[in-house]
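Written out below as structure tokens is the structure these notes cover.
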Amino acid sequence: MTDEQTRLGQLREEIDSLDQRIMDLISARARCAQEVAHVKMDANPEQDVFFYRPEREAQVLRRIKEQNPGPLSSEEMARLFREIMSACLALEKPMHIAFLGPVGTFTQAAALKHFGHSVVSVPLPAIDAVFREVESGAAHYGVVPVENSTEGMINHTLDMFMSSPLKICGEVQLRIHHHLLVSPKHQDHEITRIYSHQQSFAQCRQWLDTHRYGIERVTVSSNAEAARRAAEEPGTAAIAGDMAAELYGLDVLANSIEDRPDNTTRFLIIGREDVQESGHDKSSILVSMRNKPGALYQLLEPFHRHGISLTRIETRPSPSGTWAYVFYIDFEGHMDDEQVKKVLAEVDDEAVELKRLGSYPIGVL
Ligand SMILES: O=C(O)C(=O)C[C@]1(C(=O)O)C=C[C@@H](O)C=C1
């Protein structure tokens with residue numbers, strides 16, 4: 001036996017014994033989660049029990065990132081624990097997560113990043129269908145895109161909150177990499193048409209103008225649909241992400257063709273109940289003010305006075321004549337914080353309407 005073989009043999013024995021210990025520990029953790037489920041059910045025998053606790057999950061993942069000794073990166077370590085918690089939660093209650101489909105979209109990737117892979121993810125054809133699925137109780141939570149760093153807000157999502165009773169329970173960000181994809185079956189054909197979603201075309205506009213100028217661009221309902229078509233039609237390509245490429249067996253002709261290297265989409269988790277404080281939270285509200293001079297100043301001044309940081313403010317047209325304009329505002333803090341309560345009481349006094357959309361942990365992953 002060579003020195004290399006001897007050393008490899010020793011290290012593999014060590015890995016086997018560590019794997020055994022890891023497995024025993026994960027099993028002990030899973031039994032603990034089962035016990036937690038019993039405690040929750042015993043405490044609420046008559047009611048709907050909420051097994052999923054976003055604030056607790058955020059605390060666990062934050063602690064893992066802070067205490068990670070390396071050499072794995074904190075992101076990688078948190079991702080592993082994300083999957084362990086996902087499997088533990090599935091033992092308590094299998095979760096159904098509605099997302100803006102079809103299968104293979106970035107929204108599905110975001111849903112799995114946030115909840116882990118032990119959930120049942122349910123594709124729906126439109127943003128309002130995701131809201132309805134959660135409102136009716138058919139899904140426990142929903143995942144919808146709300147903003148892209150290149151293309152701005154997804155107004156349809158914002159507008160849904162004006163009429164929906166759902167709460168925002170979380171947020172997750174996803175780095176969006178678009179690829180130019182072709183089917184290996186059609187490699188001999190010259191590409192005369194590219195399919196993609198309108199947002200993806202917008203995010204890759206400069207690259208397309210430089211590298212594929214003059215080729216017909218056809219907008220379809222999703223990147224996954226673009227990939228499906230490219231898989232079937234000779235002479236076509238798709239712009240889509242890794243999940244869609246894998247799902248439809250496409251080859252990457254050009255990698256990461258998005259114009260901005262930091263191209264990121266933010267998604268919201270929507271649900272039916274409020275989330276407790278996690279210690280590092282954000283809140284969202286919708287406010288309509290009377291159309292009078294200084295209205296916006298009056299709305300924002302209490303945030304400044306009480307030292308609450310605004311992270312976003314968007315203006316949307318009012319859905320009815322009675323609302324002059326509607327502001328969608330995100331700020332740091334939880335609605336149970338004393339300072340936040342004071343600000344919202346003042347805003348409420350001045351506003352035509354104030355709708356609390358929810359407080360939720362600032363995205364960890
Ligand atoms: O602490 C809880 O309430 C649990 O149910 C346990 C646990 C976990 O595995 O750590 C599982 C699911 C919840 O979403 C949060 C945490």
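Order of appearance sets the numbers: ligands from 1, and atoms from 1 within every ligand.
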Do E353 and V287 pass the side chain to side chain contact (heavy atoms under 4.5 Å, CB included) test, and can you show the C-alpha distance, the side-chain angles, and the key distance before you say yes or no?
CA-CA 6 Å; E353 192 172 335; V287 193; over 6 Å; no

Neighbour list for ligand 1 [protein residues, heavy atom under 4.0 Å]
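The 4.0 Å shell around ligand 1 contains R29, V36, K40, F51, Y52, R53, R56, E57, M85, C88, L89, E92.
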
How about H178 and F106: are their ring centroids closer than 6.0 Å?
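Aromatic pair counts; centres sit under 6.0 Å.
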
Suppose clustering is done on Ile, Leu, Val, Met, Phe, Trp and Tyr with side-chain heavy atoms closer than 4.5 Å. Which residues sit in the same group as V182?
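Reading the cluster by chain and number, V182 sits alongside L180, I191, I194, F201, W207, L208, I215, I239, L253, I257.
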
Checking one residue: Y297. Which other hydrophobic residues are in its cluster under the side-chain 4.5 Å linking rule?
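For Y297, no cluster forms, as it stays isolated from other hydrophobic side chains.
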
Side chain to side chain donor-acceptor pair (under 3.5 Å) contacts in which one or both residues fall within residues 104-116, not counting sequence neighbours:
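Qualifying pairs, neighbours excluded: Y52-H114, Q108-S121.
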
Quick one: does T264's side chain have a donor or acceptor within less than 3.5 Å of a partner on S149's backbone?
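Judged by distance alone, no pair lies under 3.5 Å.
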
